Amino acid sequence: RRIWHGMYRREDQPDDLRLRSVALARAWPEGILRGRSAALLWGDDSAPAGAPPEIWLPSTRRSRPGRVYRYGSMPPSAVTEIDGLRVTTPLRTCRDLSGDLTFEDAVVAVERLCGMLPELPGQLSGAAGHPAGRGARAFREVAGAADPLSGSAASTRARLVLAAAGCGTFGHGHTVRLGHFTVELPLADP
């Protein structure tokens with residue numbers, strides 16, 4: 001089955017973000033998968049169906065339909081490999097997501113990554129304390145709102161709605177005092 005001009009998949013392969021990201025990375029071996037594509041390879045499962053693959057290229061290219069190209073220089077410290085594919089590091093992926101997605105979607109994606117990578121919450125708090133460059137404020141806000149212990153995307157979205165409504169800051173293990181009792185309030189999936 002045809003994916004794009006000159007790129008095909010077997011009939012038994014699902015036409016999803018993973019397949020399209022790998023195809024894009026093989027078409028541009030000097031490129032670096034970023035954003036939703038990198039997050040998917042790191043374990044984030046919150047990308048919507050039909051999300052386009054994203055790649056960082058060393059020089060300008062005209063984006064084709066169904067693909068997102070970014071370009072410029074990428075610091076070597078922000079690049080690693082997964083299964084032979086060049087991708088942004090988890091911390092750089094979080095920064096890209098916070099700049100590209102809506103606040104709510106970025107928080108959900110960052111929390112999903114934190115759930116998959118135990119070292120990421122510590123890296124996030126360190127980087128958010130000293131952000132620099134374009135998108136630093138958005139990154140700081142997303143990192144500050146992320147709860148690494150969140151149980152699901154639905155509970156994250158519920159927590160963010162409550163926080164936006166001025167109902168306080170809810171998180172994993174949030175407790176309230178009712179008379180002589182302390183009650184833990186889990187955010188159930190709506």
Side-chain angles (χ1 to χ4, degrees), residues 1-117 120 124 127 131 133-139 141-143 145-146 150 152-154 156-157 160:
R1 302 275 181 194
R2 184 174 188 256
I3 299 175
W4 298 305
H5 177 73
M7 291 188 196
Y8 300 88
R9 66 178 174 86
R10 293 188 322 261
E11 188 155 337
D12 63 330
Q13 291 178 306
D15 187 6
D16 58 6
L17 179 58
R18 179 178 297 278
L19 179 81
R20 288 181 178 256
S21 296
V22 169
L24 195 59
R26 301 210 191 231
W28 298 102
E30 73 278 8
I32 304 157
L33 291 175
R34 66 172 303 279
R36 290 274 197 193
S37 293
L40 177 71
L41 293 176
W42 286 115
D44 173 26
D45 58 359
S46 68
E54 303 175 43
I55 194 164
W56 191 281
L57 299 172
S59 60
T60 61
R61 296 282 189 273
R62 190 168 155 235
S63 288
R64 305 279 185 185
R67 295 167 262 191
V68 177
Y69 296 161
R70 305 275 190 208
Y71 59 89
S73 61
M74 177 73 72
S77 61
V79 181
T80 190
E81 270 192 30
I82 297 177
D83 297 331
L85 303 173
R86 292 166 35 105
V87 299
T88 53
T89 61
L91 186 59
R92 177 58 192 235
T93 301
C94 290
R95 185 173 177 103
D96 290 343
L97 292 170
S98 66
D100 295 344
L101 304 177
T102 64
F103 175 74
E104 189 176 288
D105 288 341
V107 171
V108 168
V110 167
E111 286 182 356
R112 303 305 288 166
L113 288 173
C114 287
M116 298 302 294
L117 305 162
L120 187 57
L124 268 177
R134 196 179 116 234
R137 184 174 52 194
F139 175 67
E141 290 171 358
V142 168
S150 178
S152 70
T156 297
R157 291 182 193 285
L160 293 175

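Keep in mind that what you see is a predicted model, and the values were worked out from it rather than measured.
For R2, there are no side chain to side chain donor-acceptor pair (under 3.5 Å) partners at least two apart in sequence or on another chain. For R137, the side-chain contact (heavy atoms from CB on, under 4.5 Å) criterion is met by R140, E141, not counting sequence neighbours. Not counting sequence neighbours, S98 has no partner by the side chain to side chain donor-acceptor pair (under 3.5 Å) test. Residues forming a side-chain contact (heavy atoms from CB on, under 4.5 Å) with L41 (at least two apart in sequence, or on another chain): R18, L33, I82, L85, V87.
Under the 4.5 Å side-chain criterion, counting only non-hydrogen atoms from C-beta, W56 is not in contact with R86. A heavy-atom distance below 4.5 Å is not found between the side chains of L120 and W42. The shortest distance between side-chain heavy atoms of R36 and S21 does not fall below 4.5 Å.
Here the CD-CD1 distance, from E54 to I32, works out to 13.5 Å after rounding to the nearest 0.5 Å. For the atom pair CZ of R67 and CD1 of I55, the computed distance is 10.5 Å after rounding to the nearest 0.5 Å. Taking CG from L91 and CZ from F139, the interatomic distance works out to 5.0 Å, rounded to the nearest 0.5 Å.
Within 6.0 Å of the CZ atom in F103, the count of heavy atoms belonging to other residues, nucleotides or ligands exceeds 12.
Closest of all the heavy-atom pairs between A38 and T88 is CB-OG1, 3.4 Å. In terms of heavy atoms, Q13 sits closest to R9 at O-NH1, 2.6 Å. For the pair V142 and A106, the tightest heavy-atom approach, listed with the atom from each and the gap, is CG2-CB, 3.8 Å. Nearest heavy-atom pair across L97 and G35 is CD2-C, 3.7 Å.
Side-chain atoms of T89 and T80 form no donor-acceptor pair, as typed in the model, at a separation below 3.5 Å.
Note on residues 94-108: pairs passing salt bridge (charged side-chain N to carboxylate O under 4.0 Å, His left out), not counting sequence neighbours, are R34-D96, R34-D100, R70-D100, R92-D96, E104-R157, D105-R157.
No donor-acceptor pair closer than 3.5 Å links the side chain of T93 to the backbone N or O of A39.
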Which atom pairs, one a donor and one an acceptor, fall under 3.5 Å between side chains of residues 109-116 and the rest of the protein, sequence neighbours left out?
unit_1	atom_1	unit_2	atom_2	d
E111	OE1	S150	OG	3.2
E111	OE1	T156	OG1	2.2
E111	OE2	D147	N	2.7
E111	OE2	R159	NH1	3.2
E111	OE2	R159	NH2	2.6
R112	NE	D45	OD1	3.1
R112	NH2	D45	OD1	3.3
R112	NH2	D45	OD2	3.3

